[in-house]
Amino acid sequence: MASTYLITGGCGFIGSNFILRLLRQRQDANVINLDKLTYAGNQDNLRDIAGDPRYRFVQGDITDAALVGELMEGADRVVNFAAETHVDRSLMEPGAFIQTDVYGTYVLLEAARQARVERFLHMSTDEVYGDVPEGQTSRETDALNPRSPYAASKAGAEMQCRAYIETYGLPVVIARPANNVGPRQHVEKLVPLFTTNALRDEPLPVYGDGRQQRDWLFVEDNCEALDLILHEGEPGEVYNVGAGNHLYNIDVAHLILDLTEKPRSLITHVEDRAGHDRRYAVNSDKLRALGWAPRHDATAGIQKAVEWYLQNRWWWEKVRDESFQEYYDKQYGKRLAEAKPDHRE
Ligand code: NAD
Ligand code: DAU
């Protein structure tokens, strides 16, 4: 029997990759994509399925209870990707994060409860654990210790999910993925920013000493995990999604410069992000027990991503528009101007 998936934030990076995969893999799937089209939402991401009769796009806000209630009535399963997602922007404008990530999640949960949906997959993040010391990994049962306004909003959303699980028995499953990399990621994030800056022969602004570590998870590996958690995960449970692909940011910068054949002199160490978590690392044994394993290591995932940006210049040149440049100047202008030549590599 056909299943209807209400997917929020489907015009963003992971959401678009997830929808494309879902429609490819599950012939019985119908998708309703509810997306506000913020600066991060991009209809180019789903232009290949615009005419697919199994796909319907609705422009709207997850905080709009009337609209969400109406769409929820036809849904069997919900996947909530919609969020403000960039840590640096959360330092500038935390209110937007609380509104969408916390309040918006509540609106979706309440509508899902009323409509008695079969399953609700909520996208959290490994950032809810906060900074993880070298040699340690976070388990799903560990305490949450969010340190940025973004991470705090995502933790707040998770607490709403927990309340709906415990109080109303809503069948919510929660995923906590690591840093995704791959096609169609907004250019504000590390890999696309450094790749497109390199292609424009502009400096790569490395925060602080660049010795922060992230676990680079290829987006298709993440989408495979999310599909598994949605369909096979235990209601009420949390699943970490990490590949164990740790690299220092400075090494990511070097790799990107090698792949784009640009000089190391483009690397510019700038003032660090406030409250910057040095390391995230999750233990994914619980997910692996469901049968998941990543198919890409860090280098392979980053290489595929860089190749995509090399081949899709039209996509990112449109995204790097005037309003992005305004953001860029605010975020990096002073920092780049103050970067000392002896800090360059
Ligand atoms: P993104 O920023 O690329 O896309 C977010 C999407 O949500 C956009 O299409 C935007 O238009 C939409 N949106 C924002 N506010 C909305 C609102 N109020 N109503 C409806 N739509 C709205 O995000 P992403 O990187 O694809 O992340 C997707 C989800 O996964 C987020 O919840 C994020 O916190 C989580 N996550 C991301 C990563 C990562 O590495 N990218 C890792 C772990 C978890
Ligand atoms: O860990 C999962 C999270 O990964 C997601 O929940 C977030 O939505 C997603 O944005 C991402 O957060 P990060 O802050 O880790 O990603 P970002 O690409 O912003 O930065 C990655 C690392 O690179 C981080 O240590 C900061 C650093 N960085 C980033 C930028 C944009 C730089 O050194 N310079 C930069 O210009």
Side-chain angles (χ1 to χ4, degrees), residues 7-18 33-43 45-46 58-64 67-68 79-91 96-97 99-101 103-105 107-108 121-129 146 148 150-151 153-154 157 175-182 184-194 197 203-217 219 222-223 226 240-242 247-250 252-253 267-273 276-282 328 331-332 335-336:
I7 298 184
T8 71
C11 294
F13 166 45
I14 305 177
S16 60
N17 280 287
F18 184 82
N33 173 17
L34 171 62
D35 195 301
K36 184 177 175 180
L37 295 181
T38 66
Y39 78 91
N42 187 342
Q43 284 194 288
N45 290 347
L46 291 173
V58 178
Q59 183 171 3
D61 195 318
I62 60 164
T63 65
D64 179 345
L67 174 63
V68 167
V79 187
N80 180 27
F81 291 103
E84 290 292 338
T85 63
H86 193 32
V87 174
D88 290 327
R89 290 190 194 247
S90 83
L91 307 181
F97 287 69
Q99 179 66 10
T100 287
D101 301 12
Y103 184 74
T105 300
V107 170
L108 289 166
L121 170 60
H122 176 72
M123 216 55 51
S124 187
T125 169
D126 63 355
E127 298 205 9
V128 294
Y129 294 114
S148 72
Y150 164 69
S153 301
K154 296 300 289 185
R176 292 182 185 149
N179 278 66
N180 280 228
V181 66
R184 294 181 283 274
Q185 184 170 33
H186 193 279
V187 294
E188 67 192 357
K189 306 284 165 59
L190 180 77
V191 169
L193 184 77
F194 282 15
N197 275 16
L204 274 48
V206 172
Y207 294 163
D209 61 4
R211 303 276 300 168
Q212 306 85 3
Q213 271 181 52
R214 295 291 183 268
D215 174 2
W216 297 99
L217 171 65
V219 67
N222 184 36
C223 289
L226 297 177
N240 288 337
V241 190
L247 283 183
Y248 289 113
N249 292 342
I250 190 69
V252 173
I267 290 178
T268 305
H269 288 271
V270 299
E271 187 191 346
D272 206 349
R273 173 185 279 175
H276 197 170
D277 288 334
R278 299 234 5 130
R279 180 171 179 270
Y280 300 126
V282 291
Y328 191 85
Q331 188 67 255
Y332 297 99
R335 281 158 136 178
L336 283 166

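Below, each value reflects all heavy atoms present in this structure, side chains not excepted, and no hydrogens, waters or symmetry copies. Values in this document were obtained by computation on a predicted structure and should not be read as measured data. Both counts, for ligands and for their atoms, begin at 1 and track the order of listing.
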>> Nearest 0.5 angstrom please: Y39 OH to E188 CD, how far?
In response: 3.5 Å
> For the atom pair NE2 (H86) and NZ (K189), what is the distance rounded to the nearest 0.5 Å?
Replying inline: 6.5 Å
> Counting heavy atoms only, which part of N249 comes closer than 4.0 Å to ligand 2: side chain, backbone, both or neither?
Replying inline: side chain
> How does E127 reach ligand 2, if at all, at less than 4.0 Å between non-hydrogen atoms: by side chain, backbone, both, or neither?
Replying inline: side chain
> What pairs with Y328 under ring pair (Phe, Tyr, Trp, His ring centres under 6.0 Å), at least two apart in sequence or on another chain?
Replying inline: Y332
> Of all residues at least two apart in sequence or in a different chain, which pass the ring pair (Phe, Tyr, Trp, His ring centres under 6.0 Å) check with Y150?
Replying inline: none
> Applying a strict 4.0 Å limit to heavy atoms, is E188 in contact with ligand 2?
Replying inline: yes
>> Any atom of ligand 2 sitting under 4.0 Å from a heavy atom of H276?
In response: yes
>> Show me, by chain and number, every protein residue that has a heavy-atom distance under 4.0 Å to ligand 1.
In response: G9, C11, G12, F13, I14, D35, K36, L37, T38, A40, G41, G60, D61, I62, F81, A82, A83, T85, T100, M123, S124, T125, Y150, K154, P177, A178, N179, N180
>> Starting from atom 34 (N) of ligand 2, what is the nearest protein heavy atom, named by residue and atom, and what distance separates them?
In response: P205 O, 2.8 Å
> Do R214 and D126 meet the salt-bridge criterion of a basic N to acidic O distance under 4.0 Å?
Replying inline: no
Who gets closest to [atom] by heavy atom: [options]?
atom                    : options                : result
atom 14 (O) of ligand 2 : Q331, R89, R273        : R273
atom 5 (C) of ligand 2  : Y328, Y129, Y150       : Y150
atom 32 (C) of ligand 2 : Y332, Y248, Y207, Y280 : Y207

>> Just to verify, what does R335 make a salt bridge (Lys or Arg N to Asp or Glu O under 4.0 Å) with, not counting sequence neighbours?
In response: none
